[in-house]
Structures are given as structure tokens and as C-alpha cells.
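Read the structure below first, then the notes.
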Amino acid sequence: MNRVRLFIAALLFILCVPTQAVEVIMTGGVALKTWEKLRGPAAHDNWWANFVRAATVQMDMTRRKKPGEKIVWIVYRPSYVTRGKEDGKNYVSMIHQQAAKRGVRLVMVDTAAQAYAAINKAPSFGGPITSFYYFGHSNAHAFMLEYSNDIIGASTQWLHEDDLAANIHRNAFAPGAICRSFGCYTGRSMSGKWFKALGVHLWGNTEATRYHPVSNGCLPMGNGRWVK
């Protein structure tokens, strides 16, 4: 009888222990000013840190609400290397400093394949992914990790909606995980494909997103509707 009681007590203890949680923040790369200057009115990415600053705003918000939550920050490195050379600054070092300041685990990636692997590995740092945020260039069908850095107005590294199921482990995400894309147009198609592939909703905007609010410590704004 005592053994049964001990077993039940141990089982109840395990069930009552709070599940560890991991927040994943993915940051895409910035464009080169050399290319942007040739695009006329369509030029943007004037500030190298738009996506980086948006990520740190989200981190600060999480730290205020959940001080102990594990945060994994995935950053597409090559674009910050080349933009840094263009501007004469070490942006990769600055990103490392921001990660260290906030106590987050920084994972620099050089390819989309490495980005997929980083998402799948994130639960090993503390538990299933309970929240996911993307800050970077995108279109209706893909997160464009690289955009207008290798080739003007084009992407060479991306996470496409049709590749999600084959590359991201569905069980990496906790049921009901909060996922949100602050890229442009994600809500038009990718949000729906994300749910079909991973079983969790991805909030995305139906139009372009604007990053000017991040300089004031706010998250980017969407011109259209937020949908999932």
C-alpha cells in the first residue's frame, strides 16, 4: 500500500511540475544599401537594425512578463556581415552583445537548412516552443532570410510554405503555441500553410509591415489585417 501511495505521489508531482517553455525569435537579413539606392521609391532597409531592434523589443516584452523564460534567437548571419563591411561596422559583434545583454541563446545561421535545424533543436534548450516570432523580409509564401543582399530585389535563402512540413518537426511546437510573422504579406497564404504543416496558427499581415515603430520600442505595424 505504501508503495502504491508513493507511486501516486510521485506521479502527481511530475504532472504538477510546470512545463518548461521556449520562445524562438527568428531574424532575417538586411539588404545592402548599394542595391537599395538603385530601387528609387521602393528602397527601404535604410537602418541596418530594423529587424534586430524588433527582435530585442520582443525579448524585452517577454522578459517583463516572464523573466525566466528561455529565449532562442536565430539570426541569418551573412547579410549582417556584408552590410557591416559596407557600413564599416561589425554588426555581428553588435548582435552578440544584444543577445548577451538579455541572456538569450543566440544561434547564427548561414543557410535556410541551418535555420530549419535551429528551430527543431530549440526545444532541447528548455522545452517545447510555446511562442515563435519572425522579423524580416517575406512575401505571401516564404520567410526570405536573405533579400536584396546577394542579388538586387531577389532572395537566395528562404523558408517556403511548401517546405515546412518536410523540414520542421511538428512536435517541436507546444499545442496552442503563439506564432507571429512580422514579415510582409504572410497572412495571404503562408499562415494557412503553416497551420496545415505544424498544427499551430501563424498570425500574419495581409499587406506590408512597417518597422518605423521599433525605434520607439514598439513592435512593427501592419498596413492590412492580422489573420491566421
Original post:
Any donor and acceptor pair, going by atom type alone, linking the side chain of S191 with main-chain N or O of W203 inside 3.5 Å?
Top reply: no

Original post:
Considering all heavy atoms of both residues, which atom of A172 and which atom of P123 are nearest to each other, and what is their separation?
Top reply: O-CG, 3.6 Å

Original post:
Are the side chains of V52 and M94 in touch, meaning some heavy atoms are under 4.5 Å apart?
Top reply: no

Original post:
Going by heavy atoms in the side chains, are M190 and L164 under 4.5 Å from each other?
Top reply: yes

**OP:** Hey, can you tell me if F182 and Y133 have their rings parallel, tilted or perpendicular (30° and 60° cut-offs)?
**Re:** parallel

Original post:
Do Y134 and W194 make the cut of ring centroids closer than 6.0 angstrom?
Top reply: no

Subject >> Any donor-acceptor pair under 3.5 Å from R105 side chain to V72 backbone >> reply: no

Original post:
Should W73 and R102 count as side-chain neighbours, where that means a heavy-atom distance under 4.5 Å?
Top reply: no

Original post:
Which atom names give the shortest non-hydrogen contact between A55 and T27, and what distance separates them?
Top reply: CB-OG1, 3.5 Å

**OP:** Look up atom NZ in K33 and atom CG in N149, then write down how far apart they are to the nearest 0.5 Å.
**Re:** 12.5 Å

Subject >> Pair T62, E23: side-chain N/O donor-acceptor within cut-off below 3.5 Å >> reply: yes

Original post:
H137 vs F51 aromatic rings, parallel, tilted or perpendicular, using cut-offs 30° and 60°?
Top reply: perpendicular

**OP:** Please check if the side chain of N223 supplies one atom and the backbone of E207 the other of a donor-acceptor pair under 3.5 Å.
**Re:** no

Subject >> Side-chain donor/acceptor of T186 to backbone N/O of A140, under 3.5 Å >> reply: no

Original post:
Taking all non-hydrogen atoms of both residues, which atom of D110 and which atom of P78 are closest, and how far apart?
Top reply: OD1-CD, 3.6 Å

**OP:** Check the pair M26 / L159 against side chain to side chain contact (heavy atoms under 4.5 Å, CB included), numbers first and verdict last.
**Re:** CA-CA 11 Å; M26 179 175 286; L159 275 62; 4.1 Å; yes

**OP:** Report the relative orientation of the aromatic rings in H160 and H141; use parallel for angles under 30°, tilted for 30 to 60°, perpendicular for over 60°.
**Re:** parallel

Original post:
If you measure from CD on Q98 to CG on D60, what distance do you get to the nearest 0.5 Å?
Top reply: 8.5 Å

Subject >> Shortest non-hydrogen separation from A54 to Y211 and the atoms involved >> reply: CB-CE2, 3.7 Å

**OP:** Look at the rings of Y91 and W48 and say which category their plane angle falls in: under 30° parallel, 30 to 60° tilted, over 60° perpendicular.
**Re:** parallel

**OP:** Using a 4.5 Å cut-off on heavy atoms from C-beta on, say whether the side chain of R180 contacts that of K228.
**Re:** no

Subject >> Any V214 side-chain heavy atom under 4.5 Å of N50 side chain >> reply: yes

Subject >> E69 with R63: basic N within carboxylate O range, under 4.0 Å >> reply: no

**OP:** Rounded to the nearest 0.5 Å, what's the gap from CE on M61 to CG on L219? Could you check?
**Re:** 4.5 Å

Original post:
For V200 and F132, what are the C-alpha separation, side-chain angles and deciding distance, and is it a side chain to side chain contact (heavy atoms under 4.5 Å, CB included)?
Top reply: CA-CA 10 Å; V200 290; F132 174 93; over 6 Å; no

Original post:
Short question: side chain of E146, backbone of T156 - any donor-acceptor pair under 3.5 Å?
Top reply: yes

**OP:** Taking all heavy atoms of R170 and all of L198, pick out the closest pair and write down the distance.
**Re:** CG-O, 3.4 Å

Original post:
Is I25 close to V104 at the side-chain level, that is, under 4.5 Å between some pair of heavy atoms?
Top reply: no

Original post:
Under a 4.5 Å side-chain heavy-atom rule over Ile, Leu, Val, Met, Phe, Trp and Tyr, are V107 and F135 clustered together?
Top reply: no

Subject >> Straight-line distance of S79 OG to D150 CG, nearest 0.5 Å >> reply: 6.5 Å

**OP:** Give a yes or no on whether V92 and L32 share a hydrophobic cluster (residues Ile, Leu, Val, Met, Phe, Trp, Tyr; joining criterion: side-chain heavy atoms under 4.5 Å apart).
**Re:** no

Original post:
Between I178, V24, I129, which is the residue that forms a side-chain contact (heavy atoms from CB on, under 4.5 Å) with F173?
Top reply: I129

**OP:** Could you tell me whether the side chain of I95 reaches within less than 4.5 Å of the side chain of M108, counting heavy atoms only?
**Re:** yes

Subject >> Nearest heavy-atom neighbours spanning Y80 and Y76 >> reply: CD1-O, 3.2 Å

